[in-house]
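Structure, as structure tokens:
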Amino acid sequence: MATEFTRWECKDDCDPAGMTPLKARDLIIRCFFEAQKEAFARSKKNLGDKKTSDAELQRTVESVVKLTFNETGCNFDNPSKEDLGKAIQALAKKSSMWGTPADIIDYHKGQITRILANLG
């Protein structure tokens with residue numbers, strides 16, 4: 001019997017006092033990874049496909065996030081709060097185009113929006 005998927009929630013890594021743009025960027029990568037992992041888990045449950053490894057998905061997610069920063073004219077290595085916001089919007093659009101269910105996109109976008117609210 002398959003186990004149910006547990007949705008990621010940004011708790012321990014999201015300390016508002018220690019939040020920096022670089023840490024927020026890394027959390028965006030983590031959140032995007034978790035969103036895609038959730039979407040894959042849901043679709044594989046429905047379709048019965050073989051499992052994609054977490055390492056393979058992580059490499060893909062990191063590449064997509066870096067590319068998205070570049071496509072939106074944002075600085076991946078030294079992002080501003082504005083850069084992070086633009087990247088989140090673009091990643092949400094990409095996810096939607098890939099067929100990621102809206103509830104997954106909205107949930108994870110909300111997690112990251114809370115993180116960005118903690119940046120000065």
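Values below: all heavy atoms of this structure, side chains included; hydrogens, waters and symmetry mates excluded.
For the pair K94/E71, a side-chain contact is recorded, criterion being any heavy-atom separation below 4.5 Å from C-beta on. Between P21 and N78, every side-chain heavy-atom pair lies at or beyond the 4.5 Å cut-off. Two residues are said to be in side-chain contact when any heavy atoms from C-beta on lie closer than 4.5 Å; L116 and L119 meet this criterion. M19 is listed as a side-chain neighbour of L27, based on a closest heavy-atom distance under 4.5 Å. The side-chain heavy atoms of W98 and V64, taken from C-beta on, include a pair separated by under 4.5 Å. Residues F32 and T60 form no side-chain contact, since every pair of their non-hydrogen atoms from C-beta on lies 4.5 Å or further apart. The shortest distance between side-chain heavy atoms of R25 and F76 falls below 4.5 Å.
No donor-acceptor pair under 3.5 Å is formed between the side chain of T100 and the backbone N or O of S96.
The minimum heavy-atom distance linking I28 with L91 is given by the pair CG2-CD1, 3.8 Å. Shortest non-hydrogen contact noted between A24 and L84 is CB-CD1, 3.8 Å.
In this structure, the separation between CG on D106 and CD on Q111 is 12.0 Å, given to the nearest 0.5 Å. Note that CG of D83 and CD1 of I88 are 11.0 Å apart. Values are rounded to the nearest 0.5 Å. In this structure, the separation between CG on L57 and CD on Q36 is 7.0 Å, given to the nearest 0.5 Å. Going from atom CD1 of I29 over to atom CD of Q58 covers 7.5 Å, rounded to the nearest 0.5 Å. How far CD of E82 is from CG of N75: 12.0 Å, rounded to the nearest 0.5 Å. Rounded to the nearest 0.5 angstrom, C31 SG and D26 CG are separated by 13.0 Å.
Put simply, V61 and I115 are part of the same group of oily side chains (I, L, V, M, F, W, Y) that touch within less than 4.5 Å, one to the next. With hydrophobic clusters built from ILVMFWY side chains whose heavy atoms lie under 4.5 angstrom apart, Y107 does not share a cluster with I104.
Ion pair E62/K66 not flagged as a salt bridge, since none of the NZ, NE, NH1 or NH2 atoms sits closer than 4.0 Å to an Asp/Glu carboxylate oxygen.
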